[in-house]
Amino acid sequence: MIEISYLITLVIINLILLFYFKQISYFINLYDYPDKSRKIHKNKISCIGGIYLFLNISYLFVFDYLFNNLLISNLFFEFKTSKFLFFYFSLLLIFMMGIYDDRFDLKPNFKIIFLSLILLFLSSVDQDLTIKYLRFSFTDNIYDISNISIYFTIFCILVFINAFNMYDGSNLQCSSISIVIFLFFFSINSLFDYFSLTIIVCLTFFSILNYKNKLFFGDNGSLLLSFLISYFFIKYYNKELILYADLVCLFLLLPVLDLFRLFILRILNGHSPFKPDQNHIHHMIINRFNANKGKYILFLLYFIPVFFGFITKQYLLFILIQIIVYIITYLFLKKVND
């Protein structure tokens, strides 16, 4: 039975966050300021998107605990309090690191080390969070990587977190693909997935403010959201609700492609791979068109290959198509922008 009272109160909470975001932003005093070089906005923008997300998730946990409705799928925690506590503690640490990073601009090496320690801790206490086997749709072979599973898992999560964090550069860019991903999670869960629905509701309200250029994720939001996406994908993959690793790659590929291109170009130019610049794909698209058109182009660049790959189940084919389209788009934009 669907818990209507939870859904109603969830919407009410997000309406409050929507209408009182100025007061909340002023109280927290966490803003992203333009720097006249890398950042394209002209005025300071509140960057408490992660706080909104963390409040929504915390409300789900509190409601579930107080009313004992078991809204959170046992696919994740298997009714084990310890697994839940370890997950929430890791979530809290990543969120707090994001807040600190937004205020004081942490060095990339420190963030990677800190995230690695959190992921090592969580993977050690929750064996369901380690990828032990690789299954692909284009072969019947199953590849056993259990001897390096923790290191491989941490590497994959770190790559995606950094890619997602760097990809978050224009309005709706990350919230739109995140909504698609969590709609996918919601659709494959045999139970009513309150966790995914909570995030979808939160991201929908966030997107209203983000579209109006009034609210950003900030590092606190992008780190938190990318960790959640990684966590869900691995859990669903290990429970075999997602059968193939190439389907996961299809959903997560675009930010990772942009990350690898940027890293290669920066290294070739003698710079640190983490040095900020305006060579991201969203910068190039906005320079060629404009911020409003850029939103739709970026979303279609992500959504079309994912949608048709998922529908046809030709995951590898549409991974290759997405790579080719990305390369052609980059070369075209580079030529016209130069």
Side-chain angles (χ1 to χ4, degrees), residues 30-50 94-116 155 157-178 210 213-227 229-230 252-291 294-295 297-298 301-302 326-327 329-331 333-334 337-338:
L30 192 62
Y31 293 95
D32 188 38
Y33 292 88
D35 58 10
K36 298 182 180 180
S37 59
R38 179 172 60 93
K39 299 178 181 180
I40 58 179
H41 54 281
K42 297 179 180 179
N43 303 306
K44 70 174 185 179
I45 307 292
S46 174
C47 57
I48 59 172
I94 292 172
F95 170 64
M96 291 175 64
M97 185 187 74
I99 292 286
Y100 193 88
D101 190 25
D102 283 320
R103 286 197 183 277
F104 303 107
D105 196 19
L106 290 172
K107 293 184 180 298
N109 291 341
F110 177 84
K111 287 193 287 187
I112 289 175
I113 293 171
F114 190 73
L115 282 169
S116 298
F155 173 77
I157 296 175
L158 283 176
V159 167
F160 179 69
I161 287 177
N162 279 280
F164 193 86
N165 185 244
M166 293 174 64
Y167 190 72
D168 180 26
S170 67
N171 295 342
L172 302 183
Q173 189 172 350
C174 282
S175 62
S176 60
I177 69 173
S178 298
N210 187 234
N213 210 38
K214 294 180 178 180
L215 182 64
F216 290 170
F217 272 133
D219 286 338
N220 66 92
S222 62
L223 292 175
L224 191 63
L225 189 54
S226 55
F227 168 73
I229 290 171
S230 304
L252 305 184
L253 181 62
L254 186 57
V256 176
L257 275 177
D258 208 41
L259 172 79
F260 282 150
R261 177 184 64 83
L262 288 166
F263 272 25
I264 290 170
L265 289 178
R266 289 170 183 174
I267 291 170
L268 290 176
N269 289 326
H271 301 306
S272 165
F274 296 102
K275 182 183 179 181
D277 55 37
Q278 282 200 338
N279 292 321
H280 297 248
I281 194 69
H282 59 266
H283 287 129
M284 301 177 74
I285 289 174
I286 290 170
N287 288 338
R288 174 61 180 88
F289 302 97
N290 57 54
K295 298 181 185 75
I297 294 170
L298 283 164
L301 193 64
Y302 170 83
Y326 177 85
I327 293 172
T329 302
Y330 165 69
L331 293 175
L333 291 171
K334 185 175 185 300
N337 287 337
D338 288 344

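Atom set for the values below is all heavy atoms of this structure, side chains included, hydrogens, waters and symmetry mates excluded.
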Looking only at heavy atoms, which two atoms of [X] and [Y] are closest? And how far apart?
| X | Y | answer |
| --- | --- | --- |
| G218 | C47 | CA-CB, 3.8 Å |
| S230 | S226 | OG-O, 2.8 Å |
| L254 | Y326 | CD1-CD1, 3.7 Å |
| G49 | L215 | N-CD1, 4.1 Å |

Rounded to the nearest 0.5 Å, what separation is found between the [atom1] atom of [X] and the [atom2] atom of [Y]?
| X | Y | atom1 | atom2 | answer |
| --- | --- | --- | --- | --- |
| I285 | Q173 | CD1 | CD | 8.0 Å |
| N162 | L223 | CG | CG | 8.0 Å |
| I113 | K107 | CD1 | NZ | 12.0 Å |
| H280 | D168 | NE2 | CG | 10.5 Å |
| I45 | K214 | CD1 | NZ | 10.0 Å |
| I48 | D32 | CD1 | CG | 13.0 Å |

Could you check if a side-chain atom of [X] sits within less than 4.5 angstrom of a side-chain atom of [Y], using non-hydrogen atoms only?
| X | Y | answer |
| --- | --- | --- |
| M97 | L106 | yes |
| N210 | F217 | no |
| I281 | L333 | yes |
| P255 | I177 | yes |
| I157 | L115 | no |

Quick one: list whatever passes side-chain hydrogen bond (donor to acceptor under 3.5 Å, both in side chains) with [X], sequence neighbours left out.
| X | answer |
| --- | --- |
| S175 | S207 |
| S46 | S25 |
| S222 | N165 |
| R288 | none |

Verdict with supporting geometry, N171 and F216, side-chain contact (heavy atoms from CB on, under 4.5 Å) = CA-CA 8 Å; N171 295 342; F216 290 170; 3.4 Å; yes
Query - Worked verdict on R261 versus D258 for side-chain contact (heavy atoms from CB on, under 4.5 Å) - result: CA-CA 5 Å; R261 177 184 64 83; D258 208 41; 2.9 Å; yes
query = Under 3.5 Å, is there a donor-acceptor pair between the side chain of D102 and the main chain of N220?
reply = yes
Q. Aromatic rings F114 and F110: how do their planes relate, parallel, tilted or perpendicular, breaks at 30° and 60°?
A. parallel
Those residues that, when tested against [X], pass ring-ring contact (aromatic ring centres under 6.0 Å, His included) (two or more places apart):
| X | value |
| --- | --- |
| F274 | F263 |
| Y100 | F104 |
| F95 | F54 |
| F164 | F160 |

Applied to residues 266-275, the salt bridge (Lys or Arg N to Asp or Glu O under 4.0 Å) test, sequence neighbours excluded, yields R266-D277
Salt bridge (Lys or Arg N to Asp or Glu O under 4.0 Å) partners for [X], two or more places apart:
| X | answer |
| --- | --- |
| K295 | none |
| D101 | K111 |
| R103 | none |

>> Would you say CZ of F289 has more than 12 non-hydrogen atoms from neighbouring residues, nucleotides or ligands within 6.0 angstrom?
In response: yes
Checking V256, L259, L298, L257 against Y167 for side chain to side chain contact (heavy atoms under 4.5 Å, CB included), the one that qualifies is L298
